[in-house]
Every structure is written in structure tokens, then in C-alpha cells.
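Below you'll find the structure, written out as C-alpha cells, and then a few comments.
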Amino acid sequence: EADGLPNRQALVLGVVQGATELLPISSSGHLILVPWLADWTYLEQNDSFNKTFDVALHLGTLVAVVGYFWHEIVDLLRALGHSIARRRIETRDERVVWFVVVATIPAVAVGAAAADLIDEHLGEPWQIAIFLAAFGVLLYVADRTPQHRSMGDLNLRQAIVMGVAQVLALMPGVSRSGITITAGRFMGLDRDSAARFSFLLLIPTVLGAVIYEGVGNLLLGDLPPGWEGPFVVGTLAAVGSGLLAISGLLGYVRRHDYTPFVIYRLILALIILLLIATGVRSATF
């Protein structure tokens, strides 16, 4: 363990991933900021391990979402099959599942095409701070939109808009759940439906990334000795914190708005910029 990623760091990062992927506060941003703040350097110095460990953490989040929404997912897959067989979209579940399919395409396409560009030019702490603040304010504005729609009320044209919104989440600090909730609220979705849509949209996007990155980095790549422990610890931690985050967020937004997450984003952005301005931490990682 001394020569690899310590299990305690894997545990912390797993908990952070599970919670922040599902809350509108940016998991990719936090997975960069936590080592930056704590001065953990192993992942930065071992890029191939870092990418594969990131896949393991996302797998944990995926397991949490699939486990929580299992019955709903089965119903949606059944609806997709019926819709394809009839070549029509008729029911509420059929509209929802096609919305998810269409909204997934832009993010997957851009993510695959621009992965290296994103890795090279985005993800610095000062950039994350700006995106946290800017898209936090956007979430606040969107959350003032009147609630007059549920998941089954949206159409495929709005799905394309949601898909374009998901592309923005490829920039660390934006937040995939945050931008999809923001887009959903701008469309008039009630807060519960916006959160549920965000979780459902995570499934195909993260599944695609896990398969794509997992095959390239895990099956075809070389990992240092001792990788198994941190992977297991991080993945299980992401599953546990992810389940808690889903349950907590859905219970919260049925009665309240998203303002606390906006405040958190603004405070975190301010702390990052102050640490950089005072020289306590470097602007880059």
C-alpha cells in the first residue's frame, strides 16, 4: 500500500464520488479538488492508474443508481422494446425511455471525440471554481421556474436540448447532475422529476464510459501491483454514498428547492480562489 494509492485515500475518494456524482455539485471537480486540497499526489503522478480508478468509482455510482431504480429501469426497458416493436411512442414510459436515449447521444459522441482535449485543457482548480460558481448561479435561476411538468410530459426536441446540456458537464466543475437538473427546471419539470431524470440519464452515459475506459485501461492496460485493494474500497464506498445521496436528494427536493447546493458551490468556489490568491495552493494541479 505504501507504494500505491493508500486505502484511506481510496475510501475518501469513493465516498466523495458517490455523493457528488448524484448531487448537483460536480463529482469530476471534487475528485480533482480533494487531492489538490489534501496534497495527495499519487493519482496525479500515476495517470493510467488514475483513469482506471476513476472508472471503478463511476462503476460504484452506476451500481447505486441501478440498484435504487431497478424496478423503474426494468419497466423502461420493457417499454422501449414495446415501442420498437410497434414503431410508435404511446405510453408515458415509452416517452421517458426515448427521452433518455436521445439525450444520451450528444454527451457520448462528444465525450468520445474530445476526451483527450478535455484532459489536456480542462480540470485546473481555478477553472473548476469558475464553473462551480457560474453554473451554480444558473441552477438558482432555473430553480425559480414554475413547476408544471413531470417526466412523461417532455418531448424529443426537449431531449435534444437536455443532451446538449449534458455535453457541458464534460467540463469539470459544471456537474452532470447539476446541468441536467438545471435544464429540466428550465423546461418546467418539478424538482423531483428533474432529479429522477438526472439519475436515469446517468445510467447509459456512465455505463458507456465504464465499458469504453474499462476495456482500454483495465483489460488492455497495465496496472501497478496492489491496485485491487484501493479499487474494491473505492468502488464499495461509492456504492454506499451514492445510495445515501439518491435517497437524501429525492427526499429533500420533494419539500425544498436547490438553493443549499447553489450556496455550497459558491462558497467552495470562493475558498478555491482565495487559496490560489493567497498562494496557499497553486492555481493548477
Side-chain angles (χ1 to χ4, degrees), residues 11-31 34 54-77 92-93 96-97 99-100 103-104 107 132 135-136 139 142-143 147 149-152 154 162 165-166 169 174-185 187 189-210 233-265 268:
L11 175 65
V12 170
L13 292 171
V15 170
V16 168
Q17 162 63 24
T20 57
E21 177 73 49
L22 299 164
L23 301 179
I25 54 178
S26 179
S27 63
S28 57
H30 278 76
L31 288 180
V34 169
D54 186 70
V55 172
L57 297 186
H58 278 82
L59 175 62
T61 311
L62 180 65
V63 169
V65 174
V66 171
Y68 192 93
F69 291 101
W70 176 250
H71 295 294
E72 189 168 349
I73 292 168
V74 171
D75 290 341
L76 291 175
L77 291 175
R92 176 260 186 199
D93 280 354
V96 170
V97 74
F99 186 101
V100 171
T104 299
L132 281 170
F135 286 91
L139 173 59
D143 203 27
Q147 306 181 71
R149 285 191 174 120
S150 62
M151 286 196 292
L154 298 181
M162 184 72 82
Q166 280 209 100
V174 172
S175 170
R176 190 207 54 80
S177 61
I179 197 64
T180 51
I181 288 171
T182 297
R185 292 292 292 117
M187 295 174 188
L189 280 179
D190 61 76
R191 294 185 178 98
D192 180 73
S193 292
R196 286 177 177 273
F197 247 138
S198 174
F199 296 145
L200 292 176
L201 286 167
L202 173 146
I203 295 171
T205 304
V206 173
L207 178 61
V210 166
V233 170
T235 302
L236 292 179
V239 173
S241 63
L243 286 170
L244 290 175
I246 297 171
S247 179
L249 182 63
L250 291 178
Y252 175 83
V253 298
R254 292 189 187 104
R255 301 180 299 275
H256 308 285
D257 62 24
Y258 288 100
T259 301
F261 301 104
V262 175
I263 294 172
Y264 172 84
R265 292 175 69 118
L268 180 58

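The model shown is predicted, which means the values in this text are computed figures rather than measured ones. These numbers come from the heavy atoms of this one structure, side chains and all, not from hydrogens, waters or symmetry mates. Heads up: numbering here begins at 1 and tracks the sequence.
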With a 4.5 Å limit on heavy-atom distance, are the side chains of [X] and [Y] in contact?
| X | Y | answer |
| --- | --- | --- |
| Leu132 | Ser26 | yes |
| Gln17 | His30 | no |
| Leu23 | Phe261 | yes |
| Arg254 | Arg191 | no |
| Phe197 | Val96 | yes |
| Ser150 | Arg92 | no |
| Asp93 | Glu72 | no |
| Ile181 | Tyr258 | yes |

Would you say the side-chain atoms of [X] pair up with the backbone N or O of [Y], donor to acceptor, closer than 3.5 Å?
| X | Y | result |
| --- | --- | --- |
| Arg265 | Pro24 | yes |
| Thr235 | Gly60 | no |
| Thr104 | Val100 | yes |
| Ser247 | Leu243 | no |
| Glu21 | His58 | no |

Which heavy atom of [X] sits nearest to which heavy atom of [Y], and what is that distance?
| X | Y | value |
| --- | --- | --- |
| Gln166 | Ala103 | NE2-O, 3.1 Å |
| Ser241 | Ala19 | OG-N, 3.5 Å |
| Ser193 | Leu189 | CB-CD2, 4.0 Å |
| Leu57 | Leu13 | CD1-O, 3.9 Å |
| Val97 | Leu76 | CG2-O, 3.6 Å |
| Ala165 | Ala183 | CB-CB, 4.0 Å |

Roughly how far, to the nearest 0.5 Å, is [atom2] of [Y] from [atom1] of [X]?
| X | Y | atom1 | atom2 | result |
| --- | --- | --- | --- | --- |
| Thr205 | Leu200 | OG1 | CG | 11.0 Å |
| Thr182 | Met162 | OG1 | CE | 9.5 Å |
| Leu202 | Ser198 | CG | OG | 7.0 Å |
| Leu249 | Leu244 | CG | CG | 12.5 Å |
| Asp192 | Arg255 | CG | CZ | 11.0 Å |

Open item on the list: Take a 6.0 Å sphere around NE2 of His256 and say whether it holds more than 12 heavy atoms from other residues, nucleotides or ligands.
Closed with: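 Counting neighbours around NE2 of His256, more than 12 heavy atoms of other residues, nucleotides or ligands fall under 6.0 Å, so yes.
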Task: Partners passing salt bridge (charged side-chain N to carboxylate O under 4.0 Å, His left out) against Arg149 (at least two apart in sequence or in another chain) - done: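 Arg149 satisfies salt bridge (charged side-chain N to carboxylate O under 4.0 Å, His left out) with no residue once adjacent residues are dropped.
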- [ ] Please identify each residue that fulfils ring-ring contact (aromatic ring centres under 6.0 Å, His included) with Phe199, with sequence neighbours left out.
- [x]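 Checked Phe199 against ring-ring contact (aromatic ring centres under 6.0 Å, His included); matches are Phe69.
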Task: Residue from Val239, Val66, Leu22, Ile246 passing side-chain contact (heavy atoms from CB on, under 4.5 Å) with Thr61 - done: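 So the option named by the test is Leu22.
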